[in-house]
Number of protein chains: 2
Amino acid sequence: MLSKKTKYAINALVYIAKNKNEQPISVSRISEDQHIPLKFLESILTELKNSRILNSTKGKYGGYSLNGTPESIDMAKVMRLFDGAIALLPCVSENFYLRCEECFDEETCGIRQIAMEIRNETVKRLKAATLTDIIKREEKLKK
Amino acid sequence: MLSKKTKYAINALVYIAKNKNEQPISVSRISEDQHIPLKFLESILTELKNSRILNSTKGKYGGYSLNGTPESIDMAKVMRLFDGAIALLPCVSENFYLRCEECFDEETCGIRQIAMEIRNETVKRLKAATLTDIIKREEKLKK
DNA sequence: TTTATATCCTATTAATTTGGTAGGATTAGT
DNA sequence: ACTAATCCTACCAAATTAATAGGATATAAA
């Protein structure tokens, strides 16, 4: 399951991407439009900024804008930032590898192999899910 | 991520499946062999029994045995029992559907569609991961 | 230079989930 | 009766998740 943080983050990013020709967008505006608790959203956007997914400008008329193109920001990136590993088992995680404690021999573990296949498939799809892709899908669904 | 409960459950089930020609297998034996805390395992096996995945026989020489064939028990079933939904979003869960609170219109939600595709793929693979399949994979990997 | 409106920073808290224990009642084979 | 097993109810501790509080700092415009 995605955490609320990740969902909020993706919603906020999509929102910013949709309005990216405008000025930087303020936390309070996103908070109201997307019904995300203000202070919570603030901390989320700070994290996104710290990991260089967003830019920020301070002061009046300031706010947040995408750092890269909407094609360069995908769900895998956001999930990993807020929820950590995507894999079902830590021992098959690309970015957050940990040995499974209860596992005797990693190399011959049956469920590990399955978890690895699922991770490959899932990561592939999450990486394809860029902001652009998400917005395109929404437009198609609206017809 | 799979919870420890799910991992313990799968390990225990695989263990029982491997020794299924023997008498029913006791919690304490599985606990020792698989390094799973006794009382915790007890509660896990009780849940597996309540949902008819295991049979139990009480009293001396009692213990647990598979209720169905090892082909009929798969990871999807076990995961759903202990961790709930497999899907990344509650609104695409087959067995634990819940409306996404922050979502305005489910029908036109871009990330929902992505989550649905991932769920389909993941569930397919988890259902294929029966006890038999897991054991076969382990045997292959051991060579 | 004041004011309005932003982000930034540090800390704290509340709620939920996860992982695990404790202690005894009940059942059944020898 | 004894032994070894499941069953049952309750409890607890640690970790994670979801937020809130309160102010410091920066910036554009009046």
Side-chain angles (χ1 to χ4, degrees), chain A residues 1-12 16 22-32 34-65 67 79 81-85 88 90 96 98 100-102, chain B residues 1-12 16 22-32 34-65 67 79 81-85 88 90 96 98 100-102:
Chain A
M1 280 280 170
L2 298 191
S3 66
K4 282 200 166 185
K5 239 178 170 173
T6 297
K7 278 195 271 178
Y8 288 156
I10 294 169
N11 285 162
I16 295 170
E22 296 176 43
Q23 297 307 308
I25 297 163
S26 71
V27 177
S28 56
R29 182 171 150 202
I30 302 173
S31 165
E32 282 167 28
Q34 298 290 306
H35 305 129
I36 304 170
L38 180 72
K39 279 294 197 176
F40 196 34
L41 180 59
E42 209 182 294
S43 72
I44 291 166
L45 297 190
T46 301
E47 275 193 79
L48 286 167
K49 185 222 146 193
N50 289 338
S51 56
R52 319 240 170 225
I53 292 171
L54 287 179
N55 282 321
S56 69
T57 52
K58 293 171 87 173
K60 200 168 182 181
Y61 301 108
Y64 290 93
S65 53
N67 189 18
M79 270 192 71
L81 179 59
F82 293 104
D83 292 346
L88 292 177
F96 301 88
L98 271 179
C100 278
E101 298 162 34
E102 42 298 316
Chain B
M1 279 280 170
L2 297 192
S3 66
K4 280 201 167 184
K5 240 177 170 174
T6 297
K7 278 194 272 178
Y8 287 155
I10 294 169
N11 285 162
I16 295 170
E22 295 177 43
Q23 297 306 307
I25 297 161
S26 70
V27 178
S28 56
R29 182 171 150 203
I30 303 171
S31 164
E32 283 167 26
Q34 296 291 307
H35 305 129
I36 305 172
L38 180 70
K39 279 293 194 177
F40 196 34
L41 180 60
E42 209 182 295
S43 71
I44 290 165
L45 297 189
T46 301
E47 275 193 79
L48 286 167
K49 185 223 147 195
N50 289 337
S51 55
R52 319 237 171 231
I53 292 170
L54 288 178
N55 282 320
S56 70
T57 52
K58 294 170 88 173
K60 201 167 181 180
Y61 302 108
Y64 290 93
S65 53
N67 188 18
M79 268 193 73
L81 179 60
F82 293 105
D83 292 348
L88 292 178
F96 302 87
L98 271 178
C100 277
E101 298 161 37
E102 40 303 313

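Reminder, nothing fancy here: chain letters follow the sequence lines and each chain counts from 1. Computed from a prediction, not measured in an experiment: that's the story for all the values here.
Atoms CG (A/L54) and C1' (C/dA6) sit 15 Å apart, rounded to a whole Å. Between A/K4 atom NZ and C/dT16 atom P there is a gap of 10 Å when expressed in whole angstrom units. What separates CD of A/E47 from P of D/dA19 is a distance of 14 Å, to the nearest Å. Spacing between atom OH of B/Y64 and atom C1' of D/dA4 amounts to 14 Å, rounded to whole angstrom units. For B/D83 and C/dG19, the CG to P distance is 8 Å, given to the nearest whole Å. Put simply, CD on A/Q23 is 14 Å from P on C/dT7, counting in whole angstrom units. In this structure, the CG atom of A/N50 is 14 Å from the P atom of C/dT7, given to the nearest Å. Summarising the geometry, the separation between CG on A/L2 and P on D/dT16 is reported as 18 Å, rounded to the nearest angstrom.
Residues satisfying the ring-ring contact (aromatic ring centres under 6.0 Å, His included) criterion with A/Y64, sequence neighbours excluded, are absent altogether. Not counting sequence neighbours, A/K49 has no partner by the salt bridge (Lys or Arg N to Asp or Glu O under 4.0 Å) test. Scanning for salt bridge (Lys or Arg N to Asp or Glu O under 4.0 Å) contacts around A/E47 gives A/K5, with sequence neighbours left out. Shown here are the side-chain hydrogen bond (donor to acceptor under 3.5 Å, both in side chains) partners of B/S28, two or more places apart in sequence or in another chain: B/S26.
Applying the 4.0 Å criterion to OP1 and OP2 of C/dT17, one finds that B/S3 has every side-chain N and O outside that range. In terms of phosphate contacts, B/S43 brings no side-chain nitrogen or oxygen within less than 4.0 Å of OP1 or OP2 of C/dG20.
For A/P37, whose side chain is taken as the heavy atoms from C-beta onward, the closest listed nucleotide among D/dT20, C/dG19, D/dA18 is D/dT20. Closest contact between the side chain of B/F40 and the listed nucleotides C/dG19, D/dA18, C/dA6 involves C/dG19. The A/Y8 side chain lies nearest to D/dA19 when the options are C/dA6, D/dT6, D/dA19.
The salt bridge (charged side-chain N to carboxylate O under 4.0 Å, His left out) pairs that include a residue from residues 51-63 of chain A number zero, where partners must be two or more places apart or lie in different chains.
Separating the OG atom in B/S51 from the CG atom in B/L81 is a distance of 4.0 Å, to the nearest 0.5 Å. Taking OH of B/Y8 as the start and NE2 of B/H35 as the end, the distance is 11.0 Å to the nearest 0.5 Å.
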Checklist outcome for this item: Expected string for nucleotides 21-30 of chain D under the B/S/- scheme (protein heavy atoms, under 4.0 Å, primed atoms plus P, OP1, OP2 as sugar-phosphate) is BBB--BBBS-
